[in-house]
Colleague: 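I have a structure here, written as structure tokens, and I will follow up with some questions on it.
Because only heavy atoms are used, hydrogens play no part in the values below, and waters and symmetry mates are left out as well, while side chains stay in. Being a predicted model, the structure only gives us computed values, none of them experimental. So you know, we letter chains A, B, ... as the sequences are listed, proteins then strands, and number each from 1.
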Amino acid sequence: MMDTRYNPEGVEERWQQTWEAEGHYHAEPDTTGEPYCIALPPPNVTGELHMGHALNASIQDMLIRWHRMRGFNVLWQPGYDHAGIATQNVIERELAKEGLSRHQIGREAFVARTWEWLERYGGIIMGQLRRLGASVDYRRERMTMDEGYVRAVLRWFVHLYDKGYLYRANRIVNWCPVCESAISDLEVNHIEEDDTLTWIRYPLAAGSGHLTIATVRPPTMLADTGVAVNPNDDRYKDLVGKEAIVPIAERRVPIVADERVEMEFGSGALKITPGHDPTDFEIGRDHGLEELAVIGLDGRMNEQAGEFAGLTQEETETGIVERLREQGLLEKQEPYRHSVGHCDRSGNRIEPLITLQWWCDMEELAAPAIQAVRDGRVRFYSARYTDVYLNWMENIRPWCVSRQLWWGHRIPVWYCPDGHTTAAESAPEVCGTCGSTELVQDEDVLDTWFSSALWPFATLGWPEQTPELETWYPNDVSSTDRGIIFLWEARMQMAGIELMSEIPFHSINIHSTVNAPDGRRMSKSLGTGIDPLETVKAHGADATRYGLLKMSSSQDVRFNMKMIEEGRRLANKLWNVARLILANTEAVEPDLRPRELEERWILARLDATRAELEARWSAFEFSPAVNALYHLTFDDFCDWYAEAIKSRLYDGDAEAQATALAALERLLRLLHPVMPHVSEEIWSQLPARESRLIKAPWPEPDDRYAEEADALTRVQEAAEMVRRSGVAPTLEADEQRILAAVVRQAGAKGDGDPTAEIERLRKEISRAEGMLANDRFVQRAPAEVVDAEREKLARYRRELEALTG
RNA sequence: GGGCGGUUAGCUCAGUUGGGAGAGCACCUGCCUUACAAGCAGGGGAUCGCGUGUUCGAGCCACGCACCGCCCACCA
């Protein structure tokens with residue numbers, strides 16, 4: 001027996017190089033065809049391909065290739081995100097290996113070094129995407145810090161500044177002591193942690209007695225400037241307006257009433273530390289309380305912390321608890337579990353601190369972006385994310401956009417000695433307010449997401465009015481992970497509508513999150529990551545794409561290698577059936593004028609699948625689509641059609657050969673968006689009219705044989721009967737021929753005993769008779785349901801009769 | 001605390017307006033059959049998480065509960 005397996009290795013790389021070299025990936029605005037554009041979500045420039053990227057690339061490439069075949073002028077725009085904090089952390093780690101810090105080498109050298117590093121080690125994902133067969137236009141690669149993009153970001157900043165949305169303010173922010181920067185609310189992860197709740201007595205200033213407060217952060221008491229109780233709390237009514245004394249700090253602070261205090265929690269009294277807690281900050285501002293800081297930017301106690309200055313918070317807590325115990329002011333300590341904010345990047349605990357930052361008010365930007373989703377101009381797939389988006393947008397809060405980093409877009413604002421601010425796209429000569437020439441630029445950079453919000457149009461040339469922008473804006477689809485609906489999707493909507501006066505794209509596909517096989521998150525640190533390039537190496541890019549699409553059905557999926565293997569088997573099956581047909585066709589042209597039943601039937605099935613694929617893909621339903629391709633190929637094409645025509649192929653039946661070639665051609669077109677390599681490889685061996693499958697037209701609807709879609713049902717049922725009982729029902733001549741071919745190929749004989757089959761039919765008849773005897777069913781069920789039941793009953797009776805004579 | 005998703009065969013999961021409980025893998029049986037053993041033909045295996053309700057009829061709809069996961073959130 002000849003062992004023939006399809007080996008994707010080499011084949012896939014060859015086609016990837018050919019397609020790219022022949023320019024099939026490249027788009028030009030003046031090409032004919034309706035524009036279709038997807039902007040690849042820019043991966044971090046320091047990043048590597050992980051399973052989420054691979055899934056999203058498979059989805060987008062499937063859409064892109066499908067539309068390319070349909071004749072659209074397709075652009076899949078690639079590029080990178082400069083990834084401010086992530087990249088800076090990488091370079092700082094590099095420096096640390098040499099025993100250096102960024103402060104030692106200075107800002108200019110640090111930024112230069114970052115560019116050098118990126119030149120050498122960055123941007124490897126595009127190569128990895130190539131290996132997956134992703135047909136992005138690699139000639140149009142952009143980066144959120146390339147020259148043109150920088151201009152776009154500056155324009156965006158000045159635009160928002162001029163409209164009064166951007167302003168500088170001293171507020172409490174999420175400070176990451178490791179990143180040494182503020183971060184936005186969206187970059188904070190709340191994680192449950194075991195902690196200790198400490199109950200502390202604050203003596204009353206007048207007379208005797210005390211008030212007890214409960215806190216998880218005793219060190220912050222050194223910056224307490226008030227105590228708050230709920231105005232409805234009878235226990236403390238008389239104390240409102242009086243003063244308490246903060247122990248250790250020995251500070252007299254007012255007791256205020258505020259509804260944000262929960263009576264049920266702790267003692268019902270809340271120590272107020274406006275400088276180190278977001279809620280306290282707001283309560284403090286509303287009551288005019290002083291704002292003190294005892295914790296510095298490094299997370300350690302600062303000089304205001306008196307005897308604790310320079311200590312860590314843990315050391316300080318120990319010291320404070322000890323002192324309170326000595327003074328008899330420590331009531332109790334108890335274990336307490338609560339959620340604590342952590343930096344999304346460094347994983348470090350967030351330190352709420354008051355610092356001077358740039359903020360952007362979002363309500364007015366959000367309003368039209370809310371409207372666009374509400375009225376359906378922008379749709380989420382699945383639709384359930386619509387509410388997630390709307391809920392966040394309707395409660396949107398000011399965005400802290402400044403970062404105390406060196407890698408990023410430097411804030412285009414200059415200050416004069418009098419403190420006036422001048423925002424400009426290029427360095428101004430004089431202060432816009434007083435004309436001073438002593439200008440100093442803001443030291444900070446912008447949040448990475450501030451620039452990526454412009455991705456759908458800045459990559460097309462904005463702020464220049466380019467032909468690309470004219471052609472491909474708005475884009476069509478954005479496909480991303482649900483984790484960045486707010487960080488990115490929402491902000492692209494806002495920026496697009498604000499700057500382009502038009503939504504950036506009409507469809508937002510939120511793809512599945514691929515977890516490890518055990519259900520945990522895929523992550524390098526957990527050791528649960530699976531490298532998509534490994535599965536490409538083991539099973540091929542086609543198989544990997546197929547498997548990922550097959551898996552991506554619900555919102556969370558467990559990675560399942562069996563699905564990739566299924567893809568590999570599909571590629572192998574396709575390869576082999578193509579060998580059967582190609583080995584038995586000589587000098588015939590593909591011809592779609594079938595004579596025989598099985599030929600009309602396979603063409604009907606091919607067209608039905610085409611229609612199903614179109615419906616599924618239009619609805620961003622990928623798993624049912626690849627499932628349909630699998631069953632079309634295995635069941636319909638190979639197990640039935642190919643088996644039925646095999647002997648005619650051997651016999652040199654030219655018409656059967658011509659039809660087989662045409663049917664194979666059509667099958668390959670349907671498979672190409674999902675499995676481009678194997679389909680192109682087979683295509684190249686066909687006498688096809690188009691030189692490349694990648695640019696061959698997607699099949700037009702062809703309903704000539706639609707009524708034949710179920711033509712083989714009777715044969716298939718007959719085959720089952722034969723295999724079970726050895727007895728066949730009466731069939732038409734052509735049906736009989738197909739049955740003979742398939743049963744002979746299968747080598748199944750049956751034992752000639754119809755007993756089991758008779759029993760099965762009697763059970764079915766009894767069930768159907770029961771239903772039809774139910775008056776309420778017959779009267780109330782839809783007519784077609786009742787009719788179908790009657791037909792089934794009739795058929796079962798006929799078959800039973802055939803068996804029993 | 002609020003919201004969303006999930007719970008179907010041993011495993012991973014489909015199940016599209018309510019009408020025959022499915023696929024792949026795994027397992028069992030028979031086959032090297034001039035495309036494919038990475039294959040072909042067949043088979044066993046499910047109280048559809050639990051409960052109540054609506055309906056002639058519920059995996060699907062309504063209400064409640066349990067468990068798992070995710071998102072949002074200023075109870076220290």
Side-chain angles (χ1 to χ4, degrees), chain A residues 1-6 172 185-186 190 197 213-217 220 228 260-267 269-273 277-283 336 338-339 352 382 384-385 387-388 391-392 395 482-483 485-486 513 515 517 519 539 550-551 553-563 565-566 568-584 612 615-616 619 621 623-624 627 630-631 638-639 642-643 646 649-650 719-720 723-724 742-750 764 767-768 771 774-782 784-786 788-789 792:
Chain A
M1 216 31 258
M2 186 164 53
D3 173 37
T4 307
R5 299 171 179 178
Y6 169 63
I172 197 146
D185 295 341
L186 287 175
H190 294 272
L197 190 63
I213 59 89
T215 180
V216 291
R217 300 189 65 194
T220 64
R260 280 164 285 201
V261 179
E262 297 288 335
M263 291 192 283
E264 293 74 28
F265 188 91
S267 63
L270 174 64
K271 68 191 257 318
I272 301 298
T273 322
D277 182 275
T279 309
D280 293 7
F281 175 80
E282 286 179 22
I283 293 176
Y336 180 62
H338 67 140
S339 69
S382 301
R384 65 166 171 274
Y385 291 109
D387 285 341
V388 175
N391 190 40
W392 185 76
N395 297 292
R482 65 166 184 265
I485 290 174
F486 310 137
T513 302
N515 290 321
H539 304 297
K550 180 82 183 258
M551 282 177 237
S553 44
S554 52
Q555 74 170 16
D556 280 305
V557 298
R558 294 177 180 214
F559 181 82
N560 184 355
M561 194 61 92
K562 298 286 183 201
M563 296 297 171
E565 290 165 10
E566 187 177 307
R568 183 191 60 187
R569 290 191 301 110
L570 177 56
N572 188 55
K573 191 72 178 173
L574 189 67
W575 172 250
N576 275 296
V577 79
R579 282 178 56 242
L580 167 71
I581 292 172
L582 287 165
N584 291 286
E612 179 173 5
R616 294 297 189 180
E621 295 168 358
S623 183
N627 202 43
Y630 181 90
H631 289 289
C638 294
D639 295 347
E643 292 298 342
K646 212 183 217 175
L649 291 184
Y650 294 151
E720 266 181 59
R723 283 167 187 142
R724 264 201 297 267
V742 171
V743 170
R744 190 186 67 231
Q745 291 296 338
K749 300 287 189 298
E764 292 289 353
R767 186 192 59 80
M771 278 187 84
N774 181 341
D775 288 344
R776 282 181 297 191
F777 168 70
V778 175
Q779 283 159 20
R780 301 194 194 183
E784 59 267 30
V785 173
V786 178
E789 208 57 46
K792 267 189 258 177

Colleague: How would you label the contact of R217(A) with the nucleic acid (heavy atoms, under 4.0 Å): base, sugar-phosphate, or nothing?
Modeller: nothing
Colleague: If you look at every strand shown and take non-hydrogen atoms under 4.0 Å, does F486(A) touch a base, only sugar-phosphate, or nothing?
Modeller: sugar-phosphate
Colleague: Let me spell it out: for each of P624(A) and D185(A), pick the nucleotide of RNA chain B with the closest heavy atom. Which residue's pick is nearer the 5' end?
Modeller: P624(A)
Colleague: If I pick the C1' atom on C25(B) and the same atom on G45(B), what distance separates them, to the nearest angstrom?
Modeller: 14 Å
Colleague: If you compare every side-chain N and O of R558(A) against the phosphate oxygens of U12(B) (OP1, OP2), does one of them come in below 4.0 Å?
Modeller: yes
Colleague: What is the distance, to the nearest angstrom, from the CG atom on L574(A) to the P atom on A38(B)?
Modeller: 18 Å
Colleague: Can you figure out which of A23(B), C36(B), C75(B) approaches the side chain of E262(A) most closely?
Modeller: C75(B)
Colleague: Rounded to whole angstroms, how far apart are NZ on K646(A) and C1' on G39(B)?
Modeller: 10 Å
Colleague: Would you tabulate the pairs of protein nitrogen or oxygen atoms and nucleotide nitrogen or oxygen atoms of nucleotides 5-7 of chain B closer than 3.5 angstrom?
Modeller:
none

Colleague: Could you tell me the Watson-Crick or G-U partner of A26(B), where both distances fall under 3.5 Å? Say none if there is no partner.
Modeller: none
Colleague: Quick check: on RNA chain B, is the nucleotide nearest W392(A) upstream (toward 5') of the one nearest N627(A), or the reverse? Name the residue that is more 5'.
Modeller: N627(A)
Colleague: Could you please name the partner base of U17(B), counting Watson-Crick and G-U wobble pairs only when both distances are under 3.5 Å?
Modeller: none
Colleague: If we call it a pair only when both distances are under 3.5 Å in a Watson-Crick or G-U wobble match, what pairs with A46(B)?
Modeller: none
Colleague: Could you measure between the two P atoms, the one in G19(B) and the one in U12(B), and give it in whole Å?
Modeller: 27 Å
Colleague: Could you tell me how far G10(B) sits from U16(B) if I compare only their P atoms? Round to whole Å.
Modeller: 22 Å
Colleague: Flag the pair Y630(A) / R569(A) as yes when at least one side-chain heavy-atom distance between them is below 4.5 Å, and no otherwise.
Modeller: yes
Colleague: Below 4.0 angstrom from OP1 or OP2 of C75(B), is there any side-chain N or O of Y336(A)?
Modeller: no
Colleague: For residues N576(A) and R579(A), is any side-chain donor paired with an opposing acceptor at under 3.5 Å?
Modeller: yes
Colleague: Are Y336(A) and F265(A) an aromatic pair, judged by ring center distance below 6.0 Å?
Modeller: yes
Colleague: What is the distance, rounded to the nearest whole Å, between atom OH of Y385(A) and atom P of C70(B)?
Modeller: 13 Å
Colleague: Between C28(B) and A62(B), how far apart are the P atoms? Round to whole Å, please.
Modeller: 43 Å
Colleague: Tell me what V261(A) touches on the nucleic acid: a base, only sugar-phosphate, or nothing, going by heavy atoms under 4.0 Å.
Modeller: base
Colleague: Just so I know, are the side chains of D387(A) and W392(A) near enough to count as touching, which here means a heavy-atom distance under 4.5 Å?
Modeller: no
Colleague: For K271(A) versus D280(A), what's the shortest heavy-atom pair and its separation?
Modeller: O-OD2, 3.2 Å
Colleague: Once you apply the 3.5 Å cut-off to both distances, tell me the Watson-Crick or G-U wobble partner of C4(B), or none.
Modeller: G69(B)
Colleague: One pair to check against salt bridge (Lys or Arg N to Asp or Glu O under 4.0 Å): K646(A) and E643(A). What are the steps and the verdict?
Modeller: CA-CA 5 Å; K646(A) 212 183 217 175; E643(A) 292 298 342; 3.2 Å; yes
Colleague: When rounded to the nearest Å, what value does the distance between P atoms of U47(B) and C11(B) take?
Modeller: 12 Å
Colleague: What's the gap between U17(B) and G39(B) when it is taken at their C1' atoms, as a whole Å value?
Modeller: 40 Å
Colleague: Should the side chain of E621(A) and the base of A14(B) be counted as holding a donor-acceptor pair, with the cut-off at 3.5 Å?
Modeller: no
Colleague: Closest approach to the side chain of K573(A), judged atom by atom: which nucleotide of A38(B), A76(B), A35(B) is it?
Modeller: A35(B)
Colleague: For R568(A) and G24(B), what is the distance between atoms CZ and P respectively, to the nearest whole Å?
Modeller: 16 Å
Colleague: What's the closest nucleotide to the side chain of F777(A) if the choices are G19(B), A38(B), A76(B)?
Modeller: G19(B)
Colleague: Calculate the interatomic distance between N515(A) atom CG and C70(B) atom C1'; express it in whole Å.
Modeller: 10 Å
Colleague: Rounding to the closest angstrom, what is the interatomic distance between C31(B) and C67(B) at atom C1'?
Modeller: 46 Å
Colleague: Kindly point out which of A73(B), U12(B), A35(B) is positioned nearest to the side chain of M563(A)?
Modeller: U12(B)
Colleague: Could you state the atom-to-atom distance from CG of D277(A) to P of A76(B) in whole Å?
Modeller: 9 Å
Colleague: Rounded at 0.5 Å granularity, tell me how far CG in N627(A) sits from CZ in R616(A).
Modeller: 9.0 Å
Colleague: Mind checking who C63(B) pairs with, Watson-Crick or G-U wobble, both distances under 3.5 Å?
Modeller: G51(B)
Colleague: In terms of the angle between their ring planes, are Y6(A) and W575(A) parallel, tilted or perpendicular, with boundaries placed at 30° and 60°?
Modeller: tilted
Colleague: Within this structure, what is the NZ-CZ distance for the pair K562(A) and R568(A), rounded to the nearest 0.5 Å?
Modeller: 9.5 Å
Colleague: What does V216(A) touch in the nucleic acid at a heavy-atom separation under 4.0 angstrom: a base, only the sugar-phosphate, or nothing?
Modeller: sugar-phosphate
Colleague: What's D639(A) touching, base or sugar-phosphate or nothing? Going by heavy atoms closer than 4.0 Å.
Modeller: sugar-phosphate
Colleague: Using the P atom as the point on both nucleotides, what is the distance between U55(B) and G18(B), in whole Å?
Modeller: 16 Å
Colleague: Rounded to whole angstrom units, what separation is found between the CG atom of N576(A) and the P atom of C40(B)?
Modeller: 10 Å
Colleague: Is the distance from OP1 or OP2 of C11(B) to the nearest side-chain N or O of K562(A) less than 4.0 Å?
Modeller: no
Colleague: CD of E264(A) versus C1' of A76(B): gap in Å, rounded?
Modeller: 13 Å
Colleague: Could you please name the option among U12(B), U34(B), G24(B) that lies closest to any side-chain atom of R569(A)?
Modeller: G24(B)
Colleague: Looking just at side-chain N and O atoms, do R482(A) and T513(A) make a donor-acceptor pair shorter than 3.5 Å?
Modeller: yes
